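These values consider heavy atoms only, across backbone and side chains, with no hydrogens, waters or symmetry-generated copies. Here the structure is a predicted model, which is why all the values come from computation and not from measurement.
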Amino acid sequence: MNEIVVQPTGTHDPGVSSRYLRTILRQLIKGDYLYLDSDVVAVRPLDRGWPKRADLAMARDRNRRGITPLALPGIEKLRAKLAWEFRMDRYLNAGVMFVRDTPAAHAFYTEWHRRWKQTLSLGMWQDQFSLNSASTTGIATIAILPDRDNWVTHSTAMLRGRARIFHFFASTCGDEIPDNTLLGHLITRFQRDGALDEATIACAARDNFPWMNNVRLKHLLASGLYIRAAGLVAPHIIRRIRRILSRYGRTPDF
């Protein structure tokens, strides 16, 4: 059953509104739910494979172990201002969250929202600081999702297995998402045709590749597309060999 829930946020600021809603979402929805940011694309079924015993499940931010360098300044500020605790061995991302309808999950969201309002009073509208601080309280059990369930597309780390959800981190792209990403391509096609390009999504799932064209070597390697990576590198290597041989007066036979 589909239902539309209208919830005032008390502000016209899109960033603040979205975080306000995300931190109270558990209190607005009945039953278990899967939350997805608007800049993710699911390329495989989402109706199975989620942790069964934990109250919440999230992936590590930017698929990295430990606290990411971008988050450190904010964390240090909150440690000094509010004496908050953080785990140094992990930093969770709120872009993909599987949430059970349990008392502990409801209590976690109450605490998350309370802490988010504290950071907002300090001029920090982001909600991952409060999320990660709340995760240290033991209010709820939290499972760590595999990278495939929240794969950061600009990551240069090798993806182990097949991605189920690609996360494009649109906030780093400015006002327009590049067309050479799967997300940018899908948006452009939908604006033009009013339909979802399912064929391209199927190709992305098959190739484990969230890019369209003009990609860099690191993207090919991160997705395990070594043959395509070799094809990208080969012309550069051949040109370099030709230049070296020409210096010594030799003519290459390729």
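The backbone N or O of Val152 lies less than 3.5 Å from a partner atom in the side chain of Asn63, making a donor-acceptor pair. Arg19 places no side-chain N or O within 3.5 Å of a backbone atom of His113 that could act as its donor or acceptor partner. Side chain of Asn180 to main chain of Met212: no donor-acceptor pair is present (N/O by atom type, distance under 3.5 Å, no hydrogens or angles). With hydrogens and angles ignored, the 3.5 Å screen pairs a side-chain donor or acceptor of Asp13 with a backbone N or O of Gly15. Listed for the Asp39 side chain is a donor-acceptor partner under 3.5 Å among the backbone atoms of Ala170. Of the possible polar contacts, none joining the Ser17 side chain to the Pro14 backbone as a donor-acceptor pair under 3.5 Å is found. Without hydrogens or angle criteria, Asp61 side chain to Asn93 main chain gives no donor-acceptor distance under 3.5 Å. Although no hydrogens or angles enter the test, the distance criterion places no donor-acceptor pair under 3.5 Å between the side chain of Asp207 and the main chain of Phe209. Formation of a donor-acceptor pair under 3.5 Å by the Thr141 side chain with backbone atoms of Asp55 is found in this model.
Leu78 forms part of a hydrophobic cluster together with Ile67, Leu72, Ile75, Leu82, Trp84, Phe86, Met88, Tyr91, Leu122, Met124, Phe129, judged by ILVMFWY side-chain heavy-atom separations under 4.5 Å.
In plain terms, the two heavy atoms of Ala42 and Ile201 that are nearest each other are O-CG2, 4.1 Å. When all heavy atoms of Arg26 and Tyr33 are compared, the pair lying nearest together is N-OH, 3.4 Å. Residues Trp125 and Val16 share a closest heavy-atom pair of CB-CG2, 3.9 Å. Ile142 approaches Phe108 most closely through the heavy-atom pair CD1-CE1, 4.0 Å. When all heavy atoms are compared, the tightest approach of Ala104 to Ala140 is O-CB, 3.7 Å. Across all their heavy atoms, Leu131 and Ala94 have their closest contact at CD2-CB, 3.9 Å.
With hydrogens and angles left out, the side-chain atoms of Ser133 and Arg115 include a donor and acceptor closer than 3.5 Å. Side chains of His185 and Asp179: no donor on one and acceptor on the other come within 3.5 Å.
In summary, Arg22 and Asp127 engage in a salt bridge, as defined by a charged side-chain N under 4.0 Å from a carboxylate O. One finds a salt bridge joining Arg164 and Asp149 here, because a Lys/Arg side-chain nitrogen approaches an Asp/Glu carboxylate oxygen to under 4.0 Å.
A perpendicular orientation is assigned to the rings of Tyr109 and Trp112, their planes being inclined by more than 60° (bins at 30° and 60°).
Aromatic rings from His167 and Phe169 are positioned such that their centres are separated by under 6.0 Å.
Going from atom CZ of Arg44 over to atom CZ of Arg148 covers 9.0 Å, rounded to the nearest 0.5 Å. Rounding to the nearest 0.5 Å places CD1 of Ile165 at 8.0 Å from CG of Leu145.
In this structure Phe98 satisfies the ring pair (Phe, Tyr, Trp, His ring centres under 6.0 Å) test together with Trp50, sequence neighbours excluded.
Enclosure of atom CD in Glu85 is not indicated, since only 12 or fewer non-hydrogen atoms of other residues, nucleotides or ligands lie within 6.0 angstrom.
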